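Below is one structure; the comments refer to it alone.
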Amino acid sequence: MFELPIRPGPEPRTRGPIPHGQLNQISPTTMQEELWQRMRSLPGVYLAPTHVPYPEARAIHLAPEFGTGPDDAFIKLSREFAHLHPQQDGSLHMTLPQRVKKEVTEAGWGIPHPIQNTQLVYGPRDREEMETVWKILLESYAYARGKSTQL
């Protein structure tokens, strides 16, 4: 079963709905870049522009031959399932199964997008948070592949 620890401290301030992002408690640039390298190295992932109105975001898409989850496992009927916002923000949007979205919100790791079917996940502030954010991202990847345990 997918379980998350409670995120320590107050939740960051956010803005939105467009662009939707994080305003404080910004992830260190080195952590953002490490997270991006991990994201882009997932099997079957390719890089392409995001399908949301945040052109500076770096998006990952899933090649069709690596499986396909339900329609809501992708952003705007594309193959995009997650993107990392620019360095001044450092948060991510990703698709997740409903139960995982609920847990991410309840544990304080993010909030639902107010008008899209994605979850804003706050950028990691330290090494421990990096591993939790990565765990959430891997659930998004599994969902896009049609292999989520939370389907």
Side-chain angles (χ1 to χ4, degrees), residues 1-5 7 14 16-22 26-151:
M1 181 174 188
F2 189 80
E3 293 183 21
L4 293 174
R7 184 179 181 274
T14 59
I18 298 176
H20 189 229
Q22 186 172 332
I26 306 301
S27 179
T29 304
T30 54
M31 292 205 153
Q32 292 180 41
E33 291 309 309
E34 179 182 336
L35 185 57
W36 176 244
Q37 292 307 317
R38 288 184 187 193
M39 290 168 68
R40 65 182 289 166
S41 69
L42 290 167
V45 164
Y46 65 93
L47 311 180
T50 183
H51 290 280
V52 299
Y54 206 160
E56 302 89 2
R58 296 179 280 180
I60 55 175
H61 303 247
L62 184 65
E65 63 269 20
F66 278 82
T68 185
D71 287 346
D72 68 350
F74 298 96
I75 298 171
K76 292 193 171 190
L77 301 176
S78 69
R79 300 297 298 170
E80 179 182 355
F81 65 95
H83 58 255
L84 177 64
H85 293 145
Q87 291 180 351
Q88 70 272 16
D89 179 326
S91 63
L92 306 91
H93 275 114
M94 61 186 77
T95 59
L96 291 164
Q98 265 322 111
R99 285 191 280 173
V100 176
K101 283 183 188 179
K102 184 176 188 285
E103 184 166 346
V104 167
T105 302
E106 289 175 355
W109 289 98
I111 56 174
H113 192 290
I115 59 175
Q116 295 175 354
N117 190 30
T118 60
Q119 181 83 15
L120 178 73
V121 175
Y122 306 133
R125 299 171 290 184
D126 60 31
R127 179 70 35 210
E128 193 173 323
E129 289 189 8
M130 169 70 86
E131 297 312 317
T132 300
V133 169
W134 182 242
K135 178 180 178 178
I136 298 167
L137 189 281
L138 288 177
E139 189 59 39
S140 177
Y141 175 63
Y143 191 44
R145 293 192 69 198
K147 298 183 182 290
S148 173
T149 60
Q150 301 299 311
L151 290 174

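Worth knowing before you read on, the calculation uses all heavy atoms, side chains too, and leaves out hydrogens, waters and symmetry mates. Bear in mind the structure is a predicted one, so any value in this text is a computation, not a measurement.
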Discussion item. For the CG atom of L137 and the CE atom of M130, what is their distance to the nearest 0.5 Å?
Written reply: 10.5 Å
Worksheet item: Looking only at heavy atoms, what is the nearest atom pair of S91 and G21, with distance?
Response: OG-CA, 4.1 Å
Worksheet entry | Spacing of F81 atom CZ and L42 atom CG [to the nearest 0.5 Å] | 6.0 Å
Discussion item. Run the side chain to side chain donor-acceptor pair (under 3.5 Å) test against E65 and tell me which residues pass, sequence neighbours left out.
Written reply: none
Discussion item. Quiz question: by atom type and distance under 3.5 Å, do the side chains of H85 and H93 form a donor-acceptor pair?
Written reply: yes
Discussion item. Please report the interatomic distance OG1(T132) to CH2(W109), rounded to the nearest 0.5 Å.
Written reply: 4.0 Å
Discussion item. Applying side chain to side chain donor-acceptor pair (under 3.5 Å), can you list everything that pairs with Q22, at least two apart in sequence or on another chain?
Written reply: none
Worksheet item: So do L120 and L92 actually touch side chain to side chain, heavy atoms under 4.5 Å?
Response: no
Discussion item. If you compare all heavy atoms of P43 against all heavy atoms of L62, which two are closest, and at what distance to 0.1 Å?
Written reply: O-CD1, 4.2 Å
Worksheet item: Does the H61 side chain pair with the main chain of P49, one donor and one acceptor, at a distance under 3.5 Å?
Response: yes
Worksheet item: For atom CD of E128, is the number of surrounding heavy atoms from other residues, nucleotides or ligands below 6.0 Å larger than 12?
Response: no
Worksheet, complete the sentence: For A59 and A48, the nearest pair of non-hydrogen atoms, with its separation, is CB-O, 3.4 Å
Discussion item. If I compare all heavy atoms of P124 with all of L35, which pair ends up nearest, and what's the gap?
Written reply: CD-CD2, 4.3 Å
Practice prompt. Let me see the working for T68 and R79 under side-chain contact (heavy atoms from CB on, under 4.5 Å), right down to the final yes or no.
Written response: CA-CA 9 Å; T68 185; R79 300 297 298 170; 3.4 Å; yes
Practice prompt. Give the minimum heavy-atom separation between T14 and I111, together with the two atoms involved.
Written response: OG1-CD1, 3.7 Å
Discussion item. Can you confirm whether Y143 sits close enough to P70 that some side-chain heavy atom of one is under 4.5 Å from a side-chain heavy atom of the other?
Written reply: yes
Worksheet item: Between S41 (side chain) and Q37 (backbone), is there a donor-acceptor pair under 3.5 Å?
Response: yes
Worksheet, complete the sentence: In terms of heavy-atom contacts, L96 and K101 come closest through O-CE, 3.3 Å
Discussion item. Is there a side-chain contact between H51 and F74 in this structure, where contact means two heavy atoms from C-beta onward sitting under 4.5 Å apart?
Written reply: no
Discussion item. Just so I know, are the side chains of V133 and M31 near enough to count as touching, which here means a heavy-atom distance under 4.5 Å?
Written reply: no
Worksheet entry | Heavy-atom donor-acceptor pair, K135 side chain to E3 backbone, under 3.5 Å | yes
Worksheet item: What distance separates K76 NZ from Q116 CD, expressed to the nearest 0.5 Å?
Response: 5.5 Å
Fill in: Approximate separation, where rounding is to 0.5 Å, of F66 CZ and Y141 OH
6.5 Å
Worksheet item: Can you find a pair of side-chain heavy atoms, one from Q119 and one from V100, that are under 4.5 Å apart?
Response: no
Worksheet entry | With W36, the side-chain contact (heavy atoms from CB on, under 4.5 Å) member among R38, E34, R40, Q32 | R40
Worksheet item: Does the side chain of R7 come within less than 4.5 Å of R125's, by heavy atoms?
Response: yes
Worksheet item: Between T95 and E80, is any side-chain donor less than 3.5 angstrom from a side-chain acceptor?
Response: no
Item to complete: Could you check Q87 against E33 for side-chain contact (heavy atoms from CB on, under 4.5 Å), going step by step and ending with a plain yes or no?
Response: CA-CA 9 Å; Q87 291 180 351; E33 291 309 309; 3.5 Å; yes
Worksheet item: If you round to the nearest 0.5 Å, how far is CE of M94 from NE2 of H113?
Response: 13.5 Å
